[in-house]
Amino acid sequence: MFRPRAQIRPRTYPPLLFHPLGGCGEIGMNLSLYGYDGHWIAVDCGMTIRQDLPDQPLQIPDVDHLAANAMVPSAVFITHGHEDHLGALAWIWPRWNCPVYATPLAIEMLRAKFSEQGLRVDALKPIQPGARVAAGPFGVTFLPVTHSIPESCALSIITPRHKVLHTGDWKLDERPLIGAPFSAAQFQALAPVDLVVADSTNADVEGHSRSEAEAAEALESVIRECRGRVVVSCFASNIARIKALGAIAERTNRRVALLGRSMERMVSIATQLGYLDDFPPRVPANDLGYLYPEEVLIIATGSQGEPRSALSRLSQGRHPALDLLADDDVIFSARAIPGNERPIARLKAGFKRLGVNVHDEHTDPALHASGHPAREELRQLYRWLRPKMLLPVHGEASHQQAHRELASTMDIHVPQLAKNGVVLSLDAETLVPSGTHHLRPRLIASRMRPGERTNPVSARRHDKSLSIALNVLPTATGWTRIGQMIWDSEISLPLDEDALADWLDERIDAITAETLLQLRQQLFGPLREWLHERLPVSLEIHLQLMPADPQPEYEVRTAP
């Protein structure tokens, strides 16, 4: 019998690995790693607010195990500019020291964060939507999608063997106020894809999400009925909503003012990038008292009940620039971040005590539009992509399970529900776990100098120590503190928190520092002396200053 002298064996390819470190089984703190043939890339790097812990500290992903397992990414790709997708990068990037690719708006937000932390910004690489980047064996294309912040993108991730779509956060909005509508053609051109790694936030909501244009129409309808001052509170990152409010102000013969440092900061970045070229001239906050009430429209942050926000001070009648009067109107054009229901309720109660009219999702659900896809939008995307497999992410376990059930009605295979810490292996037609890494909570609550490579974990290395963490924002004349003060000590301390907060506010307002590092240097000595004069024991003091940015936009799911 004839036998060939050489046997031809089929070529083998390495599997594609997927390793989520956040955003699976939870909403927020999104970070996913993709690995192929020894090369790794990261998609997003966000933080979350721990509503279940005292003082609600910030939590970032645990990346300690990556270096020991040769999983350090050679590039980071950011899908959009929300804090739950980029807010942790300035803390984690010094461990990776790799290029960061994002669209211009997200790059400008990261540039401010990196500069405040004393990190070099040359690693930040602006990418236009539609562009492709090569990183080792990966080809990554930024595909523009509609969301509640401009320049949001899904990522088409290609290896020599695999075609994956990582959706990021998205929705099907046929009437976006900024940018082009969602393009079906760009996703149909990808079909069929091997795997879709997909947003599950609203996978348990039937129907279709509301368009930003509908939210703008609802806002204008309410504002036209208002007879006094109007204050609209929304997330500073929702530039489309801010743009719409500027146009509404002009059509209703009102003058626009901004209250809140994060709002001023985002409007400045958006204007720099050309998104608010037609925004009307703004009235300085100190001049609002000279205008007739019916001429005023204020756009303010603080919708989550932050105790030192402009909205909170207005509700207590102690804002330095303005007092609201009976029959003025406050409109909440933002959903409550889960866990903030009580402070928001106190905020609204404060307005009602002043006789101010409150408008929110209970009086008019159309005042806000979700940035995430409901079930009919998910179905439409999958009809375009024709995926072989689906991996639900970006949601709690119940959202991931609802996403799986939806996929099963379309005969789309969902072999796994991703969990943080698990490594999944995509090989041929299978997606199976290949390992698990235990992830520990990393809380930003201890001293962390700009640019340090150590993790900003809540360390308690000294049994007589006090750690204090503050959120601060730059102002026209210096800095101001916002949000809650976080303090932590192993021993019981007779610390008057209100007195300390008041002292910090006065001291920080009086410091004229150009950088976060200079602010800390000028604040630390007086703070240490203030504490030593008032506490019965000698303590090691740790002071952490954190640059505050717009809150990440989580959505409360409602039926259409």
Side-chain angles (χ1 to χ4, degrees), residues 30 42-47 75-90 93 99-117 119 121-133 140-155 166-171 173 176-183 199 212 234-246 258 260-279 299 301 334 369 371-372 473-474 547-554:
N30 300 287
V43 174
D44 291 329
C45 189
M47 62 168 53
V76 179
F77 297 86
I78 302 296
T79 60
H80 65 282
H82 278 149
E83 285 293 299
D84 58 332
H85 288 258
L86 58 70
L89 189 59
W93 180 86
V100 178
Y101 299 96
T103 51
L105 177 61
I107 286 291
E108 290 306 313
M109 296 175 66
L110 288 170
R111 194 185 307 278
K113 291 174 177 292
F114 274 42
S115 297
E116 288 166 346
Q117 293 291 338
L119 304 177
V121 298
D122 59 336
L124 304 177
K125 311 293 184 183
I127 295 295
Q128 293 298 325
R132 183 182 185 275
V133 177
V140 181
T141 303
F142 285 74
L143 302 176
V145 297
T146 46
H147 184 43
S148 54
I149 187 171
E151 300 180 3
S152 297
C153 289
L155 300 178
H166 188 108
T167 70
D169 290 352
W170 65 282
K171 64 186 288 186
D173 193 340
L177 300 182
I178 293 179
F182 201 100
S183 170
D199 179 8
E212 271 296 324
C234 63
F235 291 108
S237 60
N238 198 330
I239 297 170
R241 196 80 47 88
I242 295 168
K243 179 182 177 73
L245 288 168
L258 304 179
R261 299 302 177 185
S262 59
M263 180 69 69
E264 293 176 355
R265 184 176 188 176
M266 281 300 297
V267 167
S268 175
I269 292 174
T271 302
Q272 173 187 336
L273 295 174
Y275 288 117
L276 296 176
D277 286 344
D278 55 352
F279 198 75
I299 309 174
T301 55
H372 301 272
L473 275 175
D549 282 286
Q551 295 283 354
E553 184 172 353
Y554 301 91

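- Of all the heavy atoms in I299 and M263, the pair that sits closest is CG2-CE, 3.7 Å.
- In this structure, the salt bridge (charged side-chain N to carboxylate O under 4.0 Å, His left out) partners of E212, at least two apart in sequence or on a different chain, are R241.
- For the side chain to side chain contact (heavy atoms under 4.5 Å, CB included) test with Y275, the passing option among V267, L177, I239 is I239; the others fail.
- A search for salt bridge (charged side-chain N to carboxylate O under 4.0 Å, His left out) contacts involving R132 returns nothing, not counting sequence neighbours.
- A pairwise comparison of heavy atoms in A106 and I78 identifies CB-CG2, 4.4 Å as the closest pair.
- Shown here are the side-chain contact (heavy atoms from CB on, under 4.5 Å) partners of A90, two or more places apart in sequence or in another chain: K113, F114, Q117, L119.
- Under the 3.5 Å distance criterion, the side-chain polar atoms of D44 are matched with a main-chain donor or acceptor of T79.
- For the pair Q128 and F142, the tightest heavy-atom approach, listed with the atom from each and the gap, is O-CB, 4.4 Å.
- Not counting sequence neighbours, the partners of P181 by the side-chain contact (heavy atoms from CB on, under 4.5 Å) test are P176.
- Once rounded to the nearest 0.5 Å, the distance linking CE of M109 with CD of E83 reads 5.5 Å.
- Counting heavy atoms from C-beta on, the side chains of F235 and I149 never come closer than 4.5 Å.
- For the residue pair T167 and D199, no side-chain donor N or O sits within less than 3.5 Å of a side-chain acceptor on the partner.
- Side-chain contact check for F182 versus V145: some heavy-atom pair is nearer than 4.5 Å.
- Taking SG of C153 as the start and CG of D169 as the end, the distance is 12.0 Å to the nearest 0.5 Å.
- The shortest distance between side-chain heavy atoms of T271 and F279 does not fall below 4.5 Å.
- Of all heavy-atom pairs spanning H80 and L86, the tightest one is O-CD2, 3.7 Å.
- Between T141 and G130, the shortest heavy-atom distance links the atoms CG2-O, 3.9 Å.
- Here the CG-CD1 distance, from N238 to I178, works out to 8.5 Å after rounding to the nearest 0.5 Å.
- For D278, the salt bridge (charged side-chain N to carboxylate O under 4.0 Å, His left out) test picks out K243, with sequence neighbours left out.
- Taking the side-chain contact (heavy atoms from CB on, under 4.5 Å) definition, one finds that A42 meets it with L31, L33, P73, V76, W96, sequence neighbours left out.
- When only modelled atom types and interatomic distance are considered, S237 and H82 share a side-chain donor-acceptor pair under 3.5 Å.
- In this structure, E264 CD and I269 CD1 are separated by 12.5 Å, a value rounded to the nearest 0.5 Å.
- Counting all heavy atoms, side chain and backbone alike, A102 lies closest to I107 at O-CG1, 3.4 Å.
- For the pair N30 (side chain) and G46 (backbone), a donor-acceptor distance under 3.5 Å is absent.
- Distance alone, capped at 3.5 Å, is enough to place a donor-acceptor pair between the T103 side chain and the E151 backbone.
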